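What you see is a predicted model; the values in this text were computed from it and never measured. Lettering follows sequence order; numbering is per chain, from 1.
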2 protein chains.
Amino acid sequence: MTHSPWQPISPAKPARTPKEPLTRDRIVDAAMRLLVDQGYDAVSMRKVAQVLDTGPASLYAHVANKKELDQLLVDRAAEEMRLPEQPDPERWQEQLKDAMREMLRVMRANPGVARAAIGQVPLGERALLSTERILAILKAGNIPDQAAAWAVDLIPLYVTAVAFEETVQGAWAWTPEDVEGFVTGLRTYFESLPADRFPITIALAGSLTSGASGDERFEFGITVITAGLAALVQKT
Amino acid sequence: MTHSPWQPISPAKPARTPKEPLTRDRIVDAAMRLLVDQGYDAVSMRKVAQVLDTGPASLYAHVANKKELDQLLVDRAAEEMRLPEQPDPERWQEQLKDAMREMLRVMRANPGVARAAIGQVPLGERALLSTERILAILKAGNIPDQAAAWAVDLIPLYVTAVAFEETVQGAWAWTPEDVEGFVTGLRTYFESLPADRFPITIALAGSLTSGASGDERFEFGITVITAGLAALVQKT
DNA sequence: TACTTGACAGGAACAGTGTTCGTGAGTAGA
DNA sequence: TCTACTCACGAACACTGTTCCTGTCAAGTA
């Protein structure tokens, strides 16, 4: 092996293996994988870059910042929504509840996306299609225009808050024993409060601590909201 | 001034000025000041320590971690709640709405506390007193026990979500011109959507973008929730 | 063909976060 | 006096989002 005497001898650079070029889609794919596997807190630019075997700075050629990546995650999750095609005036309330259940299902399937969704005005195509569907359900139920318009604000806000709360509490990591232990302790605590100051809390200690697992509390919430919307029709 | 010849001569240490000892209360005070002046994102351990003219590590002798400091901030905010003394069966719905308005007022007065509040089970004394008051309002309205118990979950969750959303959107920093510009742009966007796929969104573009300033949307939300709860009474 | 320009990749560094580790000082009790 | 405990707090750790800078490659132009 012969080196030209005019050519400096430097350590050989490790060959850069040819890689698939970065794209926005690949970035969102990687972020989504982290989100689903490890939750929202795992979705850092460095972690995403790691999954893609690159450096975090490379991501900025494709997404403006972390906030934009968050928004792309929300849009990606929104693509999983499955809503009924045909609103039914006889069943609009159940259809509305189904829509809310579907929203929660999607958010649970993508832990942490609720955190990113809060505060966003949903303008992606898929999100707008969902909005249109929900508006159709509400109009099938004869909800007045202004109420329907504001309801598509209220509904995702409530569902998102429920999903976000679950995320914050790390609810999926709780075993049934954990839940039961927590509930029992809380009930005991409520029952031990001073009776002169907390008579109702004590009397309702059982009710206050029921429904901690399963979806009863969420079902209650959507029932209340749906009934409240229905009451707007009866007012006209 | 004479030094013993066996005693090493080292630079004089700057005298530590005597300081008021750190206490948990002083830490929360300082954090609260930052929260109110600059919002939740400004409440870092370093910033709090700076306000107190100490190092961040010193805080950990008094609060376990940032999460606990967050909880203390929520408890501190809860002390500002003013709820009616005497529930009135004739006006329980308006009293309930007033309670929700008061919650939102307190959270707005303490920007960012909603973020800390989400996911917390409110067990501080002041929070429990508020819960008791709201339960009293609901019982005055003849809400069934289980519904009342779950309503004290639903109600703070909704209000907290509204407050949190405002925080995320940085809503207080918006001028009326900002809002109008945003609303106009959004309305134009909705009206420009393909009519075959978004007929209702287009038809309701005005309604969808109304109420962006002021509290109309929040008032709508609490009206729906209150009406939904009232409907539970009529069912019995 | 040679040069220029623009886009992308990505390391190093910046400014910031929460937290731990280790050390020194002060106090109370034996 | 010695010991143990508590508090204060600097230095360092591990991590975050982002910018700055350099190198490479491809396309376009002279």
Discussion item. Please pick, from C:dA9, C:dG10, D:dG17, the nucleotide with the shortest atom-to-atom distance to any side-chain atom of A:T54.
Written reply: C:dG10
Worksheet item: Tell me: CD of A:Q50 to P of D:dG17, nearest whole Å?
Response: 12 Å
Fill in: Earlier contact from the 5' end, DNA chain D, for B:S58 and A:P56
B:S58
Worksheet entry | Side chain of B:P21 (C-beta onward), nearest among C:dC8, D:dA8, C:dT19 | D:dA8
Worksheet item: Given D:dA8, C:dG18, C:dA9, which nucleotide is nearest the side-chain atoms of A:A61?
Response: C:dA9
Discussion item. Looking only at the side chain of B:A57 (C-beta and beyond, no hydrogens), which of the listed nucleotides C:dT20, C:dG10, D:dG17 gets closest?
Written reply: C:dT20
Worksheet entry | Partner of A:S130 under side-chain contact (heavy atoms from CB on, under 4.5 Å), chosen from A:R82, A:E102, A:M81 | A:M81
Response to the item:
In whole angstroms, the gap separating P of D:dA8 from CG of B:D53 amounts to 13 Å
Discussion item. Please tell me if B:H62 has a side-chain N or O lying less than 4.0 Å from either OP1 or OP2 of D:dT6.
Written reply: no
Response to the item:
Exactly one of A:V51, A:V48, A:L72, A:T54 clears side-chain contact (heavy atoms from CB on, under 4.5 Å) with A:I27, and that residue is A:V48
Worksheet item: Got more than 12 heavy atoms from elsewhere within 6.0 Å of CD, B:E180?
Response: no
Practice prompt. May I ask you to say what B:K47 touches in the nucleic acid, namely base, sugar-phosphate or nothing, with a heavy-atom cut-off under 4.0 Å?
Written response: sugar-phosphate
Item to complete: Looking at every strand, decide which applies to B:S44 at a 4.0 Å heavy-atom threshold: base, sugar-phosphate, or nothing.
Response: sugar-phosphate
Worksheet entry | B:R46 (side chain) and C:dG16 (base): donor-acceptor pair under 3.5 Å | no
Discussion item. Can you tell me which nucleotide in D:dG17, C:dC8, D:dA8 comes closest to the side chain of A:M45?
Written reply: D:dG17
Worksheet item: Any idea which of D:dG17, C:dG18, C:dG10 is nearest the A:Y60 side chain?
Response: D:dG17
Worksheet item: Is there side-chain contact between B:V152 and B:L138, with heavy atoms separated by less than 4.5 Å?
Response: yes
Worksheet item: Taking for each residue the nucleotide of DNA chain C bearing the nearest heavy atom, is the 5' side occupied by B:A42 or by A:T23?
Response: A:T23
